[in-house]
Amino acid sequence: HQGHLPRSPRLGHPHMPTVDTTELLVRKDQLPTTTVRTSPMGPLADGQVRVDIGRFALTSNNITYAAMGDAMQYWQFFPVAGAGDGLPWGRIPVWGFGTVCASRHPDVAVGERLYGYFPMSSAVDLTPAKVSAGAFFDAAPHRAALHAVYNQYMRCAVDPFYTAGSEDIQALLRPLFVTSWLIDDFLADNDFFGATADAARPAVVLLSSASSRSEEHTSELQSRQCIS
């Protein structure tokens with residue numbers, strides 16, 4: 001399922017004062033309980049960019065992010081501040097595309113299209129670091145200890161996998177392909193934990209996943225190594 005929230009006003013001036021953002025909040029302790037909140041975003045700090053989140057995918061994988069939000073730190077990527085009611089609200093992360101609508105970073109321009117990990121919001125502020133021609137990482141302090149694969153933002157203009165017409169399918173499938181490759185690489189690095197030691201007994205790997213996409217692609221990679 002593809003989703004988006006009402007857009008923030010388009011911004012061109014890097015020193016704009018405030019802009020409203022609309023976001024879907026979820027009760028961390030009662031996942032079926034949600035609310036939509038519109039609130040102002042403050043001015044950008046030096047070195048930050050504001051991204052208008054235009055398109056994201058919503059699947060059962062995102063529900064896993066919520067269900068495992070505390071155990072695997074998914075709630076920490078986009079913490080909710082100032083809800084005002086004292087309830088434990090969170091923002092579920094999603095994979096998708098956004099456009100830089102304001103910038104106070106010298107190497108990231110307004111209008112640039114990005115692919116990466118976003119909240120279910122109409123806009124988000126990022127702090128680009130380790131900026132290269134193809135990507136940058138968000139250096140927000142609260143994300144410093146979180147896994148780098150979720151902190152990287154691809155610059156679509158030079159991404160060899162990007163086409164404007166494939167954004168929908170990329171948002172749905174690309175994150176799970178990365179997960180599959182990581183699983184396959186992890187197993188290979190550990191010699192499949194001895195499962196392939198006996199050539200006369202083909203190794204068997206049992207897989208399950210929230211939405212079957214990771215499982216199916218991991219199975220495809222494993223089959224190329226004669227793993228069933």
Side-chain angles (χ1 to χ4, degrees), residues 1-8 20-39 41 50-98 114-127 137-138 140-154 167-183 186 206-218:
H1 180 75
Q2 296 293 326
H4 65 82
L5 292 171
R7 298 290 185 85
S8 303
D20 286 346
T21 183
T22 301
E23 53 195 0
L24 177 66
L25 304 183
V26 177
R27 277 276 298 268
K28 297 179 185 179
D29 58 343
Q30 296 179 12
L31 297 183
T33 302
T34 63
T35 188
V36 175
R37 180 181 73 169
T38 298
S39 57
M41 303 175 75
R50 183 158 293 163
V51 180
D52 180 6
I53 302 168
R55 177 171 295 168
F56 60 77
L58 180 61
T59 73
S60 56
N61 188 60
N62 301 99
I63 307 307
T64 302
Y65 289 157
M68 301 297 292
D70 289 321
M72 299 188 70
Q73 301 181 306
Y74 291 123
W75 292 125
Q76 296 184 30
F77 283 94
F78 305 106
V80 174
D85 56 10
L87 296 175
W89 295 105
R91 292 192 287 179
I92 297 177
V94 290
W95 291 93
F97 292 87
L114 304 172
Y115 164 80
Y117 208 50
F118 294 112
M120 286 191 197
S121 304
S122 58
V124 67
D125 293 345
L126 304 175
T127 306
F137 291 83
D138 185 18
H142 70 274
R143 296 177 69 166
L146 303 176
H147 200 293
V149 73
Y150 298 104
N151 288 338
Q152 185 180 44
Y153 292 84
M154 305 301 295
E167 283 191 355
D168 287 352
I169 197 70
Q170 286 207 42
L172 282 168
L173 299 180
R174 185 168 175 172
L176 285 307
F177 287 158
V178 172
T179 302
S180 303
W181 290 326
L182 290 172
I183 293 171
F186 171 75
L206 300 180
L207 299 167
S208 67
S209 69
S211 63
S212 79
R213 293 168 298 159
S214 296
E215 178 271 328
E216 289 181 0
H217 191 240
T218 303

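For the numbers below, each heavy atom of this structure counts, side chains included, while hydrogens, waters and symmetry mates do not.
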Exercise. Evaluate the ring-ring contact (aromatic ring centres under 6.0 Å, His included) criterion for residues Y150 and F77: first the C-alpha distance (whole Å), next the side-chain angles of each, then the deciding distance (0.1 Å), finally the verdict.
Key: CA-CA 9 Å; Y150 298 104; F77 283 94; 5.4 Å; yes
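Nearest heavy atoms, L31 versus T34: O-CG2, 4.1 Å. Listed here is the closest heavy atom pair of T21 and A123: OG1-N, 3.3 Å. For P93 against F78, the heavy-atom pair with the smallest separation is CB-CE1, 4.1 Å. A pairwise comparison of heavy atoms in L25 and R37 identifies CD1-NE, 3.9 Å as the closest pair. In this structure, A66 and I92 approach most closely via the heavy-atom pair CB-CD1, 3.7 Å. Taking all atoms of both residues into account, the shortest heavy-atom contact from P79 to R91 is O-NH2, 3.6 Å.
At least one side-chain heavy atom of R174 sits less than 4.5 Å from a side-chain heavy atom of M154. L58 has its side chain within reach of M120: a pair of non-hydrogen atoms, C-beta onward, lies under 4.5 Å apart. Looking only at side-chain heavy atoms (C-beta outward), T33 and W89 come within less than 4.5 Å of each other. Using a 4.5 Å heavy-atom cutoff, the side chains of S122 and I53 are not in contact. Annotation: side chain of M72 is not in contact with side chain of Y65 (no heavy-atom distance under 4.5 Å). Inter-residue side-chain proximity for S121 and F56 is flagged as unmet; no heavy-atom pair is nearer than 4.5 Å.
The main-chain N or O of R143 is never found under 3.5 Å from a side-chain atom of D138 such that the two would form a donor-acceptor pair.
The only member of F137, F97, F118 that meets ring pair (Phe, Tyr, Trp, His ring centres under 6.0 Å) when paired with Y153 is F118.
If you take CG on D125 and CE on M41, they are separated by 3.5 Å, rounding to the nearest 0.5 Å. Atom-to-atom distance recorded for D70:CG and K28:NZ is 6.0 Å, nearest 0.5 angstrom.
Aromatic ring centroids of W95 and Y117 lie under 6.0 Å apart.
Heavy-atom contacts from other residues, nucleotides or ligands closer than 6.0 Å to NE2 of H147 number 12 or fewer.
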